[in-house]
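Each residue takes its place number in the sequence, starting with 1. Both counts, for ligands and for their atoms, begin at 1 and track the order of listing. This one's a predicted model, so the numbers in the text were calculated from it and none came from an experiment.
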Amino acid sequence: MSHLLSFLEHYGQMQRLQEQAGEYRSRLRREESRRRKQLRTLRRAYRQQVQDKLSVIESLEGVICEQQNVMETLHGMKLPSTCPLYPCPPVSPVGVHRLVESISALQGERNKLLEEITGLRQQLEEEEKGKQQLAGSFDLQVQELKQQIEEREEELTRLRTGMGVTDSEKRIHNLTVENEGLKQTLGVTQGLLQQLATVSAQPSATLAQENEGLRSRVQHLETSLQQKVEELVRLEGQVSALQWRKEQELRRLDQQIRELQLALETQQNRPPDVQYVTQTVEVESPTTLRSLVEAEERNRGLLEQLSSQGERYQRLAEQLQGSEEVTAGLRHKIAAYESEIAKLREELLREINHLEAQKEEAVKEASESSEQHLEQLREQLTGVQRRLATLQPILKGMKTNYSSLRSQVRDFSGFYEAAIREARRQMCSAVSEASEASRDLLQKYQHEVLLRKKYHAQLVELKGNIRVLCRLKPVTEADQREGEVSTAVSTEPGSDSSVTARYKGKERTFELDKVFLPEATQEEVFLEIEPLVLSCLDGYNVCIFAYGQTGSGKTYTMEGVPEDPGINQRALQALYREMEARAGLWKYSVTLSVVEIYNEVIRDLLGKEPQEKLDIKLNPDGSGQLHVPGLTSVEVQGLQEIRKMLSLGKRNRATCCTNMNERSSRSHALLTVTITGTNCSTGTKTSGKLNLVDLAGSERVWKSGAQGERLKEAQNINKSLLALGEVIQALRAKQGHVPFRNSKLTYLLQDSLGKGNKTVMMVQISLLEKNAGETMCSLKFAQRVCKVELGPASRRIDSWGQSEL
Ligand code: ADP
Ligand code: MG
């Protein structure tokens, strides 16, 4: 026991330690989860900051790219095909680096572009100068051409006046040469203009467009010049033809003049003739004059042509003037572009400076905030480390605790096993002691049971194996309604076994085993017979009869009413109660059969065909026992099933007759419960039967003059009740021969009524005066049965019976 106690102590200690370890474990888990959560929140905050920084950088990059795009659209310049800012991954230090690089690259690009722009400007200025020079030379040439035209006009006037034809030819030749020079100058100018166009096409698209326009204009000028040249050639041809004709004419005129001079000379030599010659000359001079007039007209046409050419030259000059104006406009535009470019450059520089400042600020802010966060993180980390440092000794302590616990557990298991062994040994000895004691007890119990049985048997013996009880039926409300309230039966106070009946002025007192007063309850009645009923379980056969005239309460006592059941149900309940109480020691099986005996015919009320007649025969097993072939015997498991069977029997009984009440008063109803028990320890078997019989009415019907079927019924009833009386009388008198075979009822109940069995005769009597005759008969029947038993001296066979009554 001391071992057991110390084991329990150890066990308790171990449990405490385990609980402590569990607590430590849970604390550690909580700390770990808290730390994990803190780390998670810190990580989240850091990620958020990085994200914020990246977004700031991205926005800066976006602004720079936008600026770049603006620049691209303004200058029509192409940056490198891939913008170095966009593909930058959004990682903070690399992004900033790339941003700075891209800004510096952008600045370099811008400087290059500015240089290019200044170069182009210089080129433009030079070209402008060249253009101006060309325009000047053009002017000079045009002036020269004008002078030449004037000179030609003068020459033509001179020609008109008849002299200097060869000079005019020379002039025309000079004009042609000059035209050729002019053409060459124009070609040179065109080439220069083309050069200018190609140069100006490079820096700007607008300049290119303007140059294109200029080029087209120059081309237009070229074509017009070509036309003019062609016209000039044509005019030259005309002029040469005219010259040739003039020469011819002049030659002819010279000839004529010479001829005329000769003629004049001849005439002069002859004066009349001179007059004539003069006249002839005068006659001939109008023709010359006409030819002169024609020549003049031709000269005029030539002059006109020359003037138109002059006009064309004028137009050309105007066009040149226009091109100069265009050039001046272009120069202005270039200047405006330059100023715009300068402005934009300044803006861009400002923007870049601003962005750089912003970037620096953002970077500064981001670095400051990240530093702050890092500081916080560091602080948290130090806190966590501190906590970890505090936790580590706890953990260490826990580990040591755990190892000590483990060692304790290890020790404990050895100790535990030893304790268990000891305990088992102690338990075994205790069990053996207990079993020894219980065996002793069992023996004592069995002895006690035997004694109880013996004493019970003796008690029953003392009371008598056949007991006659009387129950007085109270005056019911129905009786009162009928006005029948006068009674003929009384009992003596203080005595529970005597009853006095009055009939025809005579009073007679009967002494029976027990008299139940009218107010006796079903319970009280049953308690009186309960020991007999229970003896079935010990292997006794018991018969309980309800005897009396119709309406005296037989069925009430046996079956009872649903709210207050009678002997049948109470007996079964008591039997089941007892069987349950003996459940460990005994095993019981219960079978049930219900029969009706009417007019000496047995009918099976649980069978499929209740109308079928059954016979009583000797059992073919050679035991000498009787049995009823074909009688239904149902094995039941409980009260519920028994109730079902009883109601089935009742239904079947009702189907056999037209008037149930009449039938029940003229037939015996027998319920047989067979209980077979097996002792669990010894295996001994017992078999007991409880026969509950609601007998037919004992009234003497034939005395009222009944006839026919009714008389036969009455005779049969009388016969069977007489036979029952005789059998009981024989049994009480312990006669050698018991006339069981005299009726179907006694024959059927032979093995239950025989020696060693127990019988209760419950005589039901009415208190009413009108039933006094029948009451007297019933009480005489009861009295005689009792008398037979009560004293051996009275053990004589009386000639008593129903017929005698
Ligand atoms: P029997 O079966 O002898 O013909 P019953 O048992 O049918 O008579 O009884 C007749 C009537 O009297 C029934 O209504 C029954 O309820 C009633 N009765 C019988 N005995 C008692 C009693 N002790 N207390 C109350 N009523 C009773
Ligand atoms: Mg009845």
- Of all the non-hydrogen atoms in the protein, which one sits nearest to atom 15 (C) of ligand 1, and at what distance? Y556 CD1, 4.1 Å

- Query: Taking the non-hydrogen atoms of G548, is any one of them nearer than 4.0 angstrom to ligand 1?
  - Reply: no

- Message: Is it the case that the side chains of N691 and S752 hold a donor-acceptor pair, with the cut-off being a distance below 3.5 Å and no angle test?
- Response: yes

- Atoms of ligand 1 less than 4.0 Å from Q549 heavy atoms? 3 (O)

- Message: Donor-acceptor pair, distance only, cut-off 3.5 Å: does the side chain of D513 make one with the backbone of V468?
- Response: yes

- Message: Just checking: T550, one of its N/O/S atoms, less than 2.8 Å away from the Mg ion (ligand 2), yes or no?
- Response: no

- Message: Under 4.0 Å and counting heavy atoms only, is there anything from the protein next to atom 13 (C) of ligand 1?
- Response: no

- Has the side chain of D479 got a donor or acceptor atom that lies under 3.5 Å from a matching backbone atom of T476? yes

- Query: Is it true that R700 and E774 make a salt bridge, defined as a side-chain N closer than 4.0 Å to a carboxylate O?
  - Reply: yes

- Reference residue Y598; test side-chain hydrogen bond (donor to acceptor under 3.5 Å, both in side chains); the match among E713, R603, R653: E713

- Query: Is the closest side-chain donor-acceptor distance between S432 and S429 under 3.5 Å?
  - Reply: no

- Within-shell test, E559 vs ligand 1, heavy atom, strictly < 4.0 Å: no

- Message: Donor-acceptor pair, distance only, cut-off 3.5 Å: does the side chain of D604 make one with the backbone of V595?
- Response: no

- Query: Without hydrogens or angle criteria, can the side chains of Y588 and R582 be said to hold a donor-acceptor pair below 3.5 Å?
  - Reply: yes

- Backbone or side-chain N or O of V561 under 3.5 Å from ligand 1 N or O: no

- Do side-chain atoms of S497 reach the backbone of K514 as a donor and acceptor pair under 3.5 angstrom? no

- Message: Quick check: G553 and ligand 1, any N/O pair under 3.5 Å apart?
- Response: yes

- Within 4.0 Å of atom 20 (N) of ligand 1 (strictly less), any protein heavy atom? yes

- Message: Using only atom types and a distance under 3.5 Å, with no angle test, would you say the side chain of S498 pairs donor to acceptor with the backbone of S495?
- Response: no

- Identify the protein heavy atom lying closest to atom 26 (N) of ligand 1, giving its residue, its atom name and the separation to 0.1 Å. T476 CG2, 4.0 Å

- Are the side chain of R471 and the backbone N or O of A520 linked by a donor-acceptor pair below 3.5 Å? yes

- Item | Element-labelled atoms of ligand 1 that are located less than 4.0 Å from some non-hydrogen atom of T550 | 4 (O)

- Residue, atom and distance of the protein heavy atom nearest atom 4 (O) of ligand 1 read G551 N, 2.6 Å

- Task: State whether the shortest distance between N or O atoms of K554 and N or O atoms of ligand 1 falls below 3.5 angstrom.
- Result: yes

- Residue, atom name and distance, where the atom is the protein heavy atom closest to atom 2 (O) of ligand 1: T555 OG1, 2.8 Å

- For atom 17 (C) of ligand 1, grab the closest protein heavy atom and report residue, atom and distance to one decimal in Å. K473 CE, 3.9 Å

- Query: Counting only heavy atoms, which portion of Q764 has something under 4.0 Å from ligand 1: side chain, backbone, both, or neither?
  - Reply: neither

- Task: Please report which non-hydrogen protein atom sits nearest to atom 24 (N) of ligand 1, along with the residue it belongs to and the distance in Å to one decimal place.
- Result: P474 CG, 3.4 Å

